[in-house]
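Structure first, commentary second.
Every chain is numbered from 1, with letters handed out A, B, ... down the list of sequences.
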Amino acid sequence: MSADNTPIEDDLPEQLRIRREKRADLIERGIEPYPVSVARTKSLKDIRAKYGALDIDVATGDVESLTGRIIFKRDTGKLCFATLREGDGTEIQAMFSLDKIGQEQLDSWKSDIDLGDFVSVTGEIISSKRGELSVLANSWSLAAKSLRPLPNEHKPMSEETRVRMRYVDLIVRPEARTNARLRPTVMRSLRETFHNRDFIEVETPMLQVMHGGAAARPFKSFSNAYDMDLFLRIAPELFLKRCVVGGIERVFEINRNFRNEGADSSHSPEFAMIESYQAYGDWRSIAELTQALIQNAAMAISGSHVVTHHDGRQANLGGTWKEISLYEAISQGVGETVTALTPIEELKQHATKVGIKIDPKWVTGKLAEEIFEHVAKDQLIEPTFVMGFPVDTSPLVRAHRELPGVAEKWDLYVDGFELATGYSELIDPVVQRDRLVEQSKLGAKGDLEAMQVDEDFLRAMEFAMPPTGGMGMGLDRLLMALTGLGIRETILFPLVKPEE
RNA sequence: GGGCCUAUAGCUCAGUCGGUAGAGCAACGGACUUUUAAUCCGUGGGUCGACGGUUCGAGCCCGUCUGGGCCCA
């Protein structure tokens, strides 16, 4: 379609207009600025691997066709240099001399080709007099014309530009290229760890008739075909439990959840989550699994259990991680014994004493969790399982086998934030129904995060689910904990508001 | 939700006391057969986020809005 030459708008910024004029001029001269294919015999990586150790000023006699984006261009009189870069950042120098390519091709190289263009260069693989591995062109051709100038390579782009134009960020910033490859490395490691333990990966619905499995506000949508409201899922939990009922005894899913809540440096409206359920396991077996998943992932990206946190601090995630009891930590923090049976009025006094602003909507357990977070934060830097959460904020968790009012639930803290949570799952369908009915009453009273009574889920539970341990972990947060990056760096294309 | 900072050339940023806008890279023209952010000579490029106000005069002061960042809740 590029043969049809549309007029160029005259109100464009100078550099954009000039490049559009170059494109039009190429077409007029019968040169295709976007050819269907160009010569390419090897990747730049192949060339680097094969000839990386050449001495200075060596001619190999080998002719190859190489492609890349022009990232530097140094035009001199009769010998020109350019640096080609391919996707992973590998670079090779290309050289264009008058005696090899002739006056016409040299002039065209200087005037038609810009920084950012893709080209194919065919020539001998040599090392220059300065020792730079190069392709000395016998011929070259344009592979794709860039109509926009690249940003200054030597000044970092502003954070906003990096996020809005990640494609440019990936071209110019090595860390962006590295970061983009961290996530798939971690994903592969997680899947390997699961696979080695005979866990089966499933995909459960993202569009749901009824959302559930977590305390969060959903995104609402509408199906024209079914003429009904649908919700983007907030968690896969209730479907993964249906899998366990059906006999997929070790199951996991790595996929996106959507929560219609605030966005900040550790929350994104859409985020990736790992959930896993293990029949005949419990909160302790699933804690061991979680520790293995994270330690193997650390090994996969940094080759050891030592990782760098957001403030540059190094931390060793190896070994067996610390456990603390939620209520013991609260008791130490407030200087008095607090249990799950401590009356709410007493908790309110403690909360006020330590300086917490109390939300009147908080239930007893929520108040205890708030006090915990307030008094125990500094104990949570090294990986720590916080054991035994209040039962009234854990409607999908079974009661602790000994402690009244406590659920067999832990939260894993790494680098001061909540990274994962794990349960001994509630499997008694009658108790589960009571809990969900209780939740729906909170919902009726205006709690927008309360769960609903999911009759199909309860029917599944009534067919009996074996004793099960389950866990959930935020993938973005895992990457943050393993790399020290902000959430907008771990997500390739985070949501940004439109520019105009 | 509250507070603070911020928006100027393609990119990154200066812009003093309110007096018609500056740099580096990039671009354009020229020189250069071993450059590495090449160098040298020359040139062009701006709705100063938007709207309103104060003023003889606003990039700068005031207000509102929009985008972005940081801190707090």
Side-chain angles (χ1 to χ4, degrees), chain A residues 10-23 25 54-59 69-85 91-103 105-107 109-117 123-124 126-137 145-169 171-174 176 261-267 310-311 351 354-359 361-362 370 373-374 377 486-489 494-500:
Chain A
D10 51 8
D11 58 345
L12 281 175
E14 183 191 37
Q15 299 201 37
L16 272 57
R17 183 175 44 77
I18 287 169
R19 289 189 180 222
R20 274 166 173 74
E21 286 168 0
K22 286 185 180 182
R23 171 190 172 277
D25 185 53
L54 286 186
D55 284 337
I56 287 173
D57 204 10
V58 173
R69 191 191 287 275
I70 297 166
I71 219 72
F72 292 120
K73 198 162 175 270
R74 299 175 286 279
D75 290 345
T76 61
K78 299 184 181 63
L79 179 64
C80 300
F81 302 85
T83 304
L84 306 186
R85 179 183 288 166
E91 295 174 1
I92 295 280
Q93 177 170 266
M95 297 168 62
F96 303 85
S97 75
L98 176 64
D99 55 10
K100 291 274 184 199
I101 63 172
Q103 193 65 53
Q105 281 301 296
L106 191 67
D107 290 345
W109 171 262
K110 288 186 191 178
S111 60
D112 298 333
I113 300 302
D114 293 302
L115 287 183
D117 293 354
E124 186 181 359
I126 65 163
S127 66
S128 73
K129 287 181 181 167
R130 296 289 172 86
E132 188 75 36
L133 184 59
S134 308
V135 54
L136 177 59
K145 182 80 194 152
S146 171
L147 295 184
R148 291 176 182 269
L150 288 176
N152 184 350
E153 268 260 330
H154 316 290
K155 295 272 185 181
M157 285 197 294
S158 66
E159 197 174 333
E160 184 179 359
T161 312
R162 294 199 321 230
V163 169
R164 285 194 187 279
M165 297 198 285
R166 184 69 80 195
Y167 34 90
V168 179
D169 191 28
I171 294 167
V172 300
R173 196 166 60 99
E261 293 167 349
D264 60 32
S265 58
S266 64
H267 294 81
H310 67 283
D311 53 3
V354 297
I356 295 172
K357 223 171 79 188
I358 296 167
D359 185 330
K361 288 197 295 266
W362 287 348
E370 291 290 331
E373 280 176 33
H374 196 269
K377 249 189 185 125
I487 199 165
R488 280 174 313 283
E489 301 294 314
L495 185 67
V496 281
K497 290 194 186 176
E499 286 158 276
E500 266 147 317

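- Picking from G68(B), C11(B), U36(B) the nucleotide with the shortest atom distance to the side chain of Gln93(A) gives U36(B).
- When the P atom of A38(B) is taken as reference, atom CG of Leu79(A) falls 14 Å away, rounded to whole Å.
- By the rule that a glycosidic angle within 90° of 0 means syn, C17(B) counts as syn.
- Contacts of Arg148(A) with the nucleic acid, taken as non-hydrogen atoms under 4.0 Å apart, are absent.
- Arg488(A) has a side-chain polar atom (N or O) that falls below the 4.0 Å cut-off from OP1 or OP2 of C70(B).
- Closest to the Thr161(A) side chain, of the nucleotides U36(B), C11(B), U34(B), is C11(B).
- For Lys78(A) and U33(B), the shortest distance from a side-chain N or O to OP1 or OP2 is below 4.0 Å.
- When the nucleotides A37(B), A26(B), U34(B) are ranked by their closest atom to the side chain of Met95(A), U34(B) comes out on top.
- Among the nucleotides U34(B), A38(B), A27(B), the one closest to the side chain of Gln15(A) is A27(B).
- Nearest-nucleotide positions on RNA chain B for Glu14(A) and Arg164(A) put Glu14(A) closer to the 5' end.
- Counting any heavy atom pair closer than 4.0 Å across all strands shown, Thr83(A) reaches no nucleic acid atom.
- Straight-line distance from the NZ atom of Lys155(A) to the P atom of C25(B): 10 Å, rounded to whole Å.
- No more than 12 heavy-atom neighbours from other residues, nucleotides or ligands sit within 6.0 angstrom of NZ on Lys100(A).
- No hydrogens or angles were tested; on distance alone, nothing pairs the side chain of Glu153(A) with the base of A37(B) as donor and acceptor under 3.5 Å.
- As rounded to whole Å, 12 Å separates atom P of C28(B) from atom CD1 of Ile113(A).
- A gap of 12 Å separates the P atoms of A14(B) and A9(B), to the nearest Å.
- Ranked by how close their nearest RNA chain B nucleotide is to the 5' end, Gly77(A) and Pro156(A) are led by Pro156(A).
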- prompt: Which string of ( ) [ ] | and . matches RNA chain B, if you list each base 5' to 3' and count Watson-Crick or G-U pairs only when both distances are under 3.5 Å?
  reply: (((((((..((((.....[..)))).(((((.......))))).....(((((..]....)))))))))))).
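- To the nearest whole angstrom, the two C1' atoms, one in U43(B) and one in A26(B), are 15 Å apart.
- Salt bridge annotation for Asp169(A)-Arg166(A): present, with a cationic side-chain nitrogen under 4.0 angstrom from a carboxylate oxygen.
- When the C1' atom is compared between C41(B) and A7(B), the two are found 36 Å apart, to the nearest whole Å.
- A side-chain contact (heavy atoms from CB on, under 4.5 Å) with Ile71(A) is found for one member of Leu150(A), Leu84(A), Leu115(A) and no other, namely Leu150(A).
- With distances taken from any side-chain atom of Glu160(A) to the nucleotides A38(B), G10(B), G68(B), the minimum falls on G68(B).
- Tested against Asp114(A), the residues Lys73(A), Lys22(A), Gln15(A) include a single side chain to side chain donor-acceptor pair (under 3.5 Å) partner, Lys22(A).
- Counting only heavy atoms from C-beta on, Lys110(A) has its side chain closest to C32(B) among A26(B), U12(B), C32(B).
- With C1' as the reference atom, G45(B) and G22(B) are 13 Å apart, rounded to whole Å.
- Residues Met95(A) and Leu79(A) meet the side-chain proximity criterion, which asks for heavy atoms closer than 4.5 Å.
- When heavy atoms are screened at a 4.0 angstrom cut-off, Arg162(A) is found touching no nucleic acid atom at all.
- Residue contacts for Ser158(A): at a heavy-atom cut-off of 4.0 Å it reaches the sugar-phosphate backbone alone, with no base atom in range.
- Among the heavy atoms of the strands lying under 4.0 Å from Leu98(A) is at least one base atom, whether or not backbone atoms are also near.
- A distance of about 35 Å separates the P atoms of C70(B) and A58(B), rounded to the whole Å.
- Nucleotides U20(B) and U47(B) place their C1' atoms 14 Å apart, quoted to the nearest Å.
- Listed pair Ser134(A) / U34(B) fails the phosphate criterion, with no side-chain N or O lying under 4.0 Å from OP1 or OP2.
- Nearest to the side-chain atoms of Ile18(A) among the listed nucleotides A26(B), C28(B), C11(B) stands C28(B).
- Put simply, Lys497(A) has a side-chain N or O that comes within less than 4.0 Å of OP1 or OP2 on G67(B).
- Remark: C1' of U34(B) and CG of Leu133(A) are 15 Å apart, rounded to the nearest angstrom.
- Residue Asp57(A) is classed as having no contact, given no heavy-atom separation below 4.0 Å to the nucleic acid.
- The side chain of Thr76(A) lies closest to A38(B) when the candidates are A37(B), A26(B), A38(B).
- One interatomic measurement links the two molecules: CG of Asp75(A) to P of A26(B), which rounds to 11 Å at whole-angstrom precision.
- Residue Lys22(A) places at least one side-chain N or O closer than 4.0 Å to OP1 or OP2 of C28(B).
- The P atoms of G44(B) and A21(B) are separated by 15 Å, rounded to the nearest whole Å.
- Taking the side chain as every heavy atom from C-beta outward, Ser146(A) and Arg19(A) approach each other to under 4.5 Å.
- Look at CD on Glu370(A): it is 11 Å from C1' on A73(B), rounded to the nearest Å.
- Judged by distance alone, with hydrogens and angles left aside, the side-chain atoms of Ser127(A) form a donor-acceptor pair with the main-chain N or O of Asp57(A) at under 3.5 Å.
- Out of U33(B), A26(B), C11(B), the shortest distance to the side chain of Leu115(A) is found at A26(B).
- For the pair Pro151(A)/Val168(A), a side-chain contact is recorded, criterion being any heavy-atom separation below 4.5 Å from C-beta on.
- Under the 4.0 Å criterion applied to side-chain N and carboxylate O atoms, Arg74(A) and Glu132(A) are not assigned as salt-bridge partners.
- Here the separation of U8(B) from G2(B), taken at their P atoms, is 26 Å to the nearest Å.
- When side chains are defined from C-beta on, Lys110(A) does not count as touching Phe96(A), because their heavy atoms never get closer than 4.5 Å.
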